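Bear in mind that the values here come from a model prediction, so they are computed numbers and not experimental data. Residue numbering restarts at 1 for every chain, and letters A, B, ... go by the order of the sequence lines.
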Number of protein chains: 2
Amino acid sequence: MALGKDYTGQDCTLARALEVVGERWTLLIVRDAFYGVRRFSDFLVHLDMPRAVLSARLSTLVEHGVLAKEGHEYVLTEAGLSLWPVVHGLACWGEQNFGELGPHRLFVHADCGTRIAPDGTCPTCGGAPVRPADLEIHPGPSAGLRDDAVSKALRTPHRMLTPIET
Amino acid sequence: MALGKDYTGQDCTLARALEVVGERWTLLIVRDAFYGVRRFSDFLVHLDMPRAVLSARLSTLVEHGVLAKEGHEYVLTEAGLSLWPVVHGLACWGEQNFGELGPHRLFVHADCGTRIAPDGTCPTCGGAPVRPADLEIHPGPSAGLRDDAVSKALRTPHRMLTPIET
DNA sequence: CTGTATCCTTAAAGATACTG
DNA sequence: CAGTATCTTTAAGGATACAG
């Protein structure tokens with residue numbers, strides 16, 4: 001995002017949010033964090049982005065309390081976890097409107113095994129929103145062909161937020 | 001967003017979505033569209049952004065079917081309307097984490113008059129998500145001080161998505 | 001492995017003027 | 001009013017090398 005990432009004069013909460021997570025790559029980093037990615041090199045290879053940019057993004061995310069740095073691992077904070085509806089909602093929106101071949105990942109409620117709705121709720125367990133920790137990731141119809149370690153790991157059904165072994 | 005706005009290699013639906021609405025200003029434009037802004041000049045003065053950039057953003061939004069152009073007005077399509085949970089969710093996230101003085105706008109369920117929850121549902125009307133058309137906009141605790149016509153209009157409680165008279 | 005530091009390229013952002 | 005056309009600035013993105 002070039003020039004003045006602060007939306008000067010936009011005195012609304014959406015603009016404030018976009019200052020934190022509205023930059024290029026940022027939301028993809030957060031998504032990967034939900035998937036269980038925690039290490040610098042794993043983000044790097046999975047997102048295929050410049051290391052300097054990744055470093056900068058991770059720093060601002062930590063700075064704003066979206067991620068916390070524990071040793072050499074970046075983990076989602078409470079604020080970061082509360083971003084799940086947005087991340088999931090955007091991904092579903094993209095799938096519905098631009099995903100010809102179906103999603104790449106399916107999110108399944110671990111308790112009952114059903115896929116969660118676009119709004120993040122489980123159809124069979126009542127309207128309650130399902131927390132990320134209660135989700136499992138399964139490969140979708142158009143699961144990727146990339147062969148980096150993280151992508152491969154994501155192709156194996158696993159619990160969300162648990163570190164991905166690479 | 002500088003350089004390659006396409007997230008090449010990111011074969012996931014989130015990346016696809018971000019290609020459409022992930023650029024700077026875009027989500028603010030969409031938000032304004034929910035508020036009832038429809039005309040070029042109104043977006044321009046309310047967002048205080050370069051006209052060339054606004055023109056480009058509106059074009060891509062129309063191109064991807066988020067907005068439709070009716071004469072000289074830009075209105076949300078079905079795809080655009082379905083972006084509401086994301087826009088509202090992000091705004092709420094910003095409010096909860098960075099909004100010291102409370103929100104600038106309150107979204108109230110027109111049917112019952114209660115403020116909707118962060119997940120877009122009405123607490124008093126059961127867990128069903130409230131559609132944007134059933135919402136009213138009211139000024140919040142920290143409603144802005146900007147004095148352009150659109151900002152003033154937004155300070156008056158009104159129905160969402162109905163054109164703002166300026 | 002986890003980053004900084006450097007350099008280069010590109011194009012987004014912004015300002016301004018101009019046209020239909 | 002609704003845009004297009006230029007022009008300049010600036011920083012983001014990207015590649016590579018280097019350090020802790």
Side-chain angles (χ1 to χ4, degrees), chain A residues 1-10 15 18-29 32-33 36-63 67-75 148-150 153 163-166, chain B residues 1-10 15 18-29 32-33 36-63 67-75 148-150 153 163-166:
Chain A
M1 185 166 296
L3 283 220
K5 70 179 171 183
D6 60 313
Y7 296 81
T8 314
Q10 293 301 320
L18 288 173
E19 287 175 20
V20 178
V21 297
E23 287 182 298
R24 189 158 149 70
W25 296 115
T26 302
L27 237 32
L28 294 175
I29 293 172
D32 274 14
V37 181
R38 295 188 178 179
R39 303 179 69 83
F40 189 90
S41 61
D42 286 335
F43 285 110
L44 198 63
V45 65
H46 187 234
L47 293 172
D48 191 31
M49 63 188 290
R51 27 192 340 118
V53 178
L54 175 60
S55 180
R57 293 295 180 279
L58 288 172
S59 293
T60 68
L61 285 173
V62 168
E63 180 188 337
L67 296 178
K69 195 167 181 178
E70 300 178 353
H72 275 183
E73 297 197 331
Y74 297 90
V75 297
D148 61 278
V150 176
I164 292 179
E165 301 297 335
T166 53
Chain B
M1 189 165 296
L3 284 220
K5 70 179 172 183
D6 60 313
Y7 296 80
T8 315
Q10 292 302 320
L18 289 173
E19 288 175 20
V20 178
V21 298
E23 286 181 299
R24 190 158 147 71
W25 295 116
T26 301
L27 237 32
L28 293 175
I29 294 172
D32 273 15
V37 180
R38 294 189 178 180
R39 303 178 70 83
F40 190 89
S41 61
D42 286 335
F43 285 110
L44 197 63
V45 66
H46 186 235
L47 293 172
D48 189 31
M49 63 187 289
R51 18 187 356 113
V53 177
L54 175 60
S55 180
R57 292 294 180 278
L58 289 172
S59 294
T60 68
L61 285 173
V62 168
E63 180 187 337
L67 296 177
K69 194 167 181 179
E70 299 178 355
H72 274 183
E73 297 196 332
Y74 297 90
V75 297
D148 60 277
V150 176
I164 292 179
E165 302 298 336
T166 52

Between [atom2] of [N] and [atom1] of [X], the distance in whole Å:
{"X": "L47(B)", "N": "dG3(D)", "atom1": "CG", "atom2": "P", "answer": "15 Å"}
{"X": "L58(A)", "N": "dT2(C)", "atom1": "CG", "atom2": "C1'", "answer": "11 Å"}
{"X": "E23(A)", "N": "dA12(D)", "atom1": "CD", "atom2": "C1'", "answer": "9 Å"}
{"X": "D48(B)", "N": "dT16(C)", "atom1": "CG", "atom2": "P", "answer": "12 Å"}

Extract from the structure each pairing of a protein N or O with an N or O of nucleotides 4-8 of chain D at less than 3.5 Å, listing the distance.
{"unit_1": "dT4(D)", "atom_1": "OP2", "unit_2": "S55(B)", "atom_2": "OG", "d": "2.5"}

Practice prompt. Output the single nucleotide from dC1(C), dA2(D), dG14(C) whose closest atom is nearest the side chain of W25(B).
Written response: dG14(C)
Fill in: Minimum-distance nucleotide (side-chain atoms of P50(B) versus dA2(D), dG3(C), dG14(C))
dG14(C)
Worksheet item: Looking only at atom types and distance, does a side-chain atom of R57(A) sit under 3.5 Å from a main-chain N or O of R24(A), one as donor and one as acceptor?
Response: yes
Practice prompt. Under 4.0 Å between any heavy atoms, over every strand shown, what does Y74(B) touch: base, sugar-phosphate, or nothing? Just pick one.
Written response: sugar-phosphate
Worksheet item: What heavy-atom pair brings V53(B) and W25(B) nearest, and what distance separates the two atoms?
Response: CG1-CD1, 3.7 Å
Taking only residues two or more places apart in sequence or in another chain, which ones pass side-chain contact (heavy atoms from CB on, under 4.5 Å) with [X]?
{"X": "L54(B)", "answer": "I29(B), F40(B), F43(B), L44(B), M49(B), L58(B)"}
{"X": "A68(A)", "answer": "V75(A), T77(A)"}
{"X": "E73(A)", "answer": "R38(A), R39(A)"}
{"X": "V20(B)", "answer": "W93(A), F98(A), H64(B), V66(B)"}

Residue-phosphate contact under 4.0 Å: [X] side-chain N/O, [N] OP1/OP2:
{"X": "R24(A)", "N": "dG14(D)", "answer": "yes"}
{"X": "R39(B)", "N": "dA2(D)", "answer": "yes"}
{"X": "R38(A)", "N": "dT2(C)", "answer": "no"}

Worksheet item: What does the inter-axis angle of the helix from dC1(C)-dG20(D) to dG20(C)-dC1(D) come out as, five pairs per end, nearest 10 degrees?
Response: 50°
Worksheet, complete the sentence: CG (L27(B)) and CG (L18(A)) are apart, to the nearest 0.5 Å, by 5.5 Å
